[in-house]
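First up is the structure itself, then whatever we jot down about it.
Counting starts at 1 for both ligands and their atoms, following the listed order. Keep in mind that the numbers below use all heavy atoms, side chains included, and drop hydrogens, waters and symmetry copies.
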Amino acid sequence: MKNISNTLLKSDVCLPQYDRSRLVTRIVHLGFGAFHRAHQGLFTHDMLTKTNSDWGICEINLFSGAPLIQALRQQNCLYSVVEKGVQETEVKIIGAVTEAMHPADNGIDAILEKMAEPQVAIVSMTITEKGYCTDPATGKLDINNSLIQADLSNPKAPKSALGYIVQALKLRRERDLTPFTVMSCDNVQENGHVAKAAILEFAQLLDAELRDWIETNVAFPSTMVDRIVPAATEDTLAEISSLLGCDDPCGIACEPFRQWVIEDNFVAGRPDWDVVGAEFVQDVVPYEEMKLRMLNGSHSFLAYLGYLGGYEHISDTMTDAGYRKAAFDMMMKAQAPSLNMPQGTDLESYATLLIERFTNPSLKHRTWQIAMDGSQKIPQRLGGSLKFHLANDSDFSWLATAIAGWMRYVSGVDEQGNPIDVRDPMADMLRQICDQHDHNISVVPALLSVEAIFPPELGQNPAVITAVSKAYQSLLDHGARATVAAL
Ligand code: NAI
Ligand code: CS2
């Protein structure tokens, strides 16, 4: 079959300009999703182009995505990334991948053995917020999570990412091998600490000595990752085919912007991603908070209120002056004041650039996609700044409106009475609460009482209940567009 590895590609499409046979699998990545392909995959590819490094990546999907892994293997582990600016489009063929595996094809043991290979130095992850099996409000391991329950009763045949990592580390310890670094690249605040805490807690339930060995020997750097990479649609794949001259089911389109700030804490070496723009720092937390609150917080605001207002894509919301102003104000008035940034950080320029990025009409980033998994996202995107405003008695109406928008959204019915396809691990429970209150304002305190999302200091706070109720009532009375315009 004609594919990216055996076809003459269009003349302006470049194959990797380095000898791929020199690559060794030193990174095992869990989560060959849209984001990783356009971010870590591309950073590694660019680094391989510029240096003599031999760091290659074995791609693994643990759950869905088996066809993607099969397709990747069929095309010699090559795939394309299309960077779409407002005017220009650039196509790159990524050569950094050495292998691709899925438990459904390769079996669990083969994956564990891969992770336990002596030269593997980093296990990285983009497994979505819910992949950490933690309670979203506290960041602690949720031992009632069904994957965790399954892995505790059968640790040699894990299902969760945590289960795979702990079992692979166990094998390495038994074989007297060096451990690997666990590097989370998910939009989770202090993602390294969350991964570490969840892994240690899980290991403790299995084997306290193993837990101590992991704590002493494994590094869990936190990272701030940024690049807008919408899920590929049929249109995206058709456009990629026409740019390449052949199909690429693994192809992905994204914005030109990219940023990666990494805590420099690795136990078995690391690639020099800094030669291609990544930053290694001692403390990632300020960067993570800035990005999660200003970018992701306003993204969630635009996702819920945009969806309810009838806007399909983030770029569509930016054509509405009310949404555009509200998003900028949310960044500057609700989120920026809550941040503690290193001296010289210009948050206003950052916010202006974010609005520009959101406006890019070439990116078809669906409000529905960002609205997904709100129960996992809201605490880290809105919770910290909400605490700041409560302590300072300052205005948080943008945050309250975002929460009210989420509440209206998870009811599962839009402003025209049409069903909403709500995707969230807590969707059924949230829907039940909404149904009990039948779109009545009393749903606000009821949803604010869900402690996995809102800790009591926020959910039971009278100022929060009042502000969210006011915004919710406005959504009921006037709809999303008017509510946003009035902010
Ligand atoms: P995606 O839906 O394309 O990929 C999700 C990946 O996570 C898949 O590989 C899937 O196999 C894996 N996964 C899902 N549930 C899992 C679980 N319970 N355990 C282990 N693996 C699981 O999504 P995409 O766009 O790649 O985003 C993934 C994550 O990357 C996001 O949740 C976010 O944390 C982070 N991210 C995404 C950005 C974007 O613009 N798409 C930008 C910055 C970060
Ligand atoms: C988005 C993010 O899907 C979402 O929740 O807010 O994936 C966003 O596109 C990225 O974090 C940008 O770096």
Taking the side chain as every heavy atom from C-beta outward, state whether [X] and [Y] have any pair of such atoms under 4.5 Å apart.
X      : Y      : result
Arg324 : Ile355 : yes
Met341 : Leu347 : yes
Gln380 : Glu129 : yes

Judged on heavy-atom distance to atom 23 (O) of ligand 1, which of Ala34, Cys133, Cys185 sits nearest?
Ala34

So which protein heavy atom does [atom] come closest to, and at what separation?
atom                    : result
atom 18 (N) of ligand 1 : Gly131 CA, 3.6 Å
atom 44 (C) of ligand 1 : Asn187 ND2, 3.4 Å
atom 19 (N) of ligand 1 : Phe63 CE1, 3.2 Å
atom 28 (C) of ligand 1 : Thr128 CG2, 4.0 Å
atom 15 (N) of ligand 1 : Ile127 O, 3.6 Å
atom 7 (O) of ligand 1  : Thr126 O, 3.3 Å

Using a 4.0 Å heavy-atom cut-off, say whether Ile228 meets ligand 1 through its side chain, its backbone, both or neither.
backbone

Heavy-atom pairs closer than 4.0 Å: do any link ligand 1 to the side chain of His39, the backbone, both, or neither?
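None of His39 does.
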
Atoms in ligand 1 with a heavy atom of [X] nearer than 4.0 Å:
X      : answer
Asn61  : 8 (C), 9 (O), 11 (O)
Phe32  : 9 (O)
Asp186 : 29 (C), 30 (O), 31 (C), 32 (O), 33 (C), 34 (O), 35 (C)
Gly33  : 3 (O), 4 (O), 9 (O), 26 (O)

Side-chain donor-acceptor pair present, [X], [Y], cut-off under 3.5 Å:
X      : Y      : answer
Lys291 : Asn187 : yes
Thr352 : Ser349 : no
Glu190 : Ser222 : no
Arg381 : Ser300 : yes

Does ligand 1 come near enough to [X] that some N or O of the ligand is less than 3.5 Å from an N or O of the residue?
X      : answer
Phe35  : yes
Arg227 : yes
Lys130 : no
His365 : no
Leu147 : no
Glu129 : yes
Val229 : yes

Can we say [X] and [Y] salt-bridge, meaning some charged N sits less than 4.0 Å from an Asp/Glu carboxylate O?
X      : Y      : result
Glu201 : Lys140 : no
Arg227 : Glu255 : no
Lys170 : Asp207 : no

Sub-6.0 Å ring centroid separation between Phe43 and Trp260
yes

Close aromatic pair by centroid cut-off 6.0 Å: Phe358 and Tyr323
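Ring-ring flag for Phe358/Tyr323: false, centres at least 6.0 Å apart.
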
Do Arg481 and Tyr311 form a cation-pi contact, if we require the NZ or CZ to be under 6.0 Å from the six-membered ring centre and within 45 degrees of the ring's axis?
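Flagged: Arg481 positioned over aromatic ring of Tyr311.
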
May I have every N or O pair linking ligand 2 to the protein at under 3.5 Å, one per line with atom names and distance?
residue	atom	partner	partner atom	Å
ligand 2	5 (O)	Lys377	NZ	2.9
ligand 2	5 (O)	Arg381	NH1	3.1
ligand 2	5 (O)	Arg381	NH2	2.9
ligand 2	6 (O)	Asn296	ND2	3.0
ligand 2	6 (O)	His299	ND1	2.8
ligand 2	6 (O)	Arg381	NH1	3.2
ligand 2	11 (O)	Asn187	ND2	2.8
ligand 2	11 (O)	Lys291	NZ	2.6
ligand 2	11 (O)	Asn296	ND2	2.9
ligand 2	13 (O)	Asp226	OD1	2.5
ligand 2	13 (O)	Arg227	N	3.1
ligand 2	13 (O)	Arg227	O	3.4
ligand 2	13 (O)	Lys291	NZ	3.1

Residues in ring-ring contact (aromatic ring centres under 6.0 Å, His included) contact with Phe202, at least two apart in sequence or another chain
none

State which residues pass ring-ring contact (aromatic ring centres under 6.0 Å, His included) with Phe454; sequence neighbours excluded, sorted by chain then number.
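Once residues adjacent in sequence are excluded, the partners of Phe454 under the ring-ring contact (aromatic ring centres under 6.0 Å, His included) criterion are Trp406.
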
Take atom 2 (O) of ligand 1 and look for protein heavy atoms under 4.0 Å from it; say yes if you find one, no if not.
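No, there is none.
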
In chain order, what residues pass the salt bridge (charged side-chain N to carboxylate O under 4.0 Å, His left out) check against Asp346, with sequence neighbours excluded?
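For Asp346 there are no salt bridge (charged side-chain N to carboxylate O under 4.0 Å, His left out) partners, ignoring immediate neighbours.
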
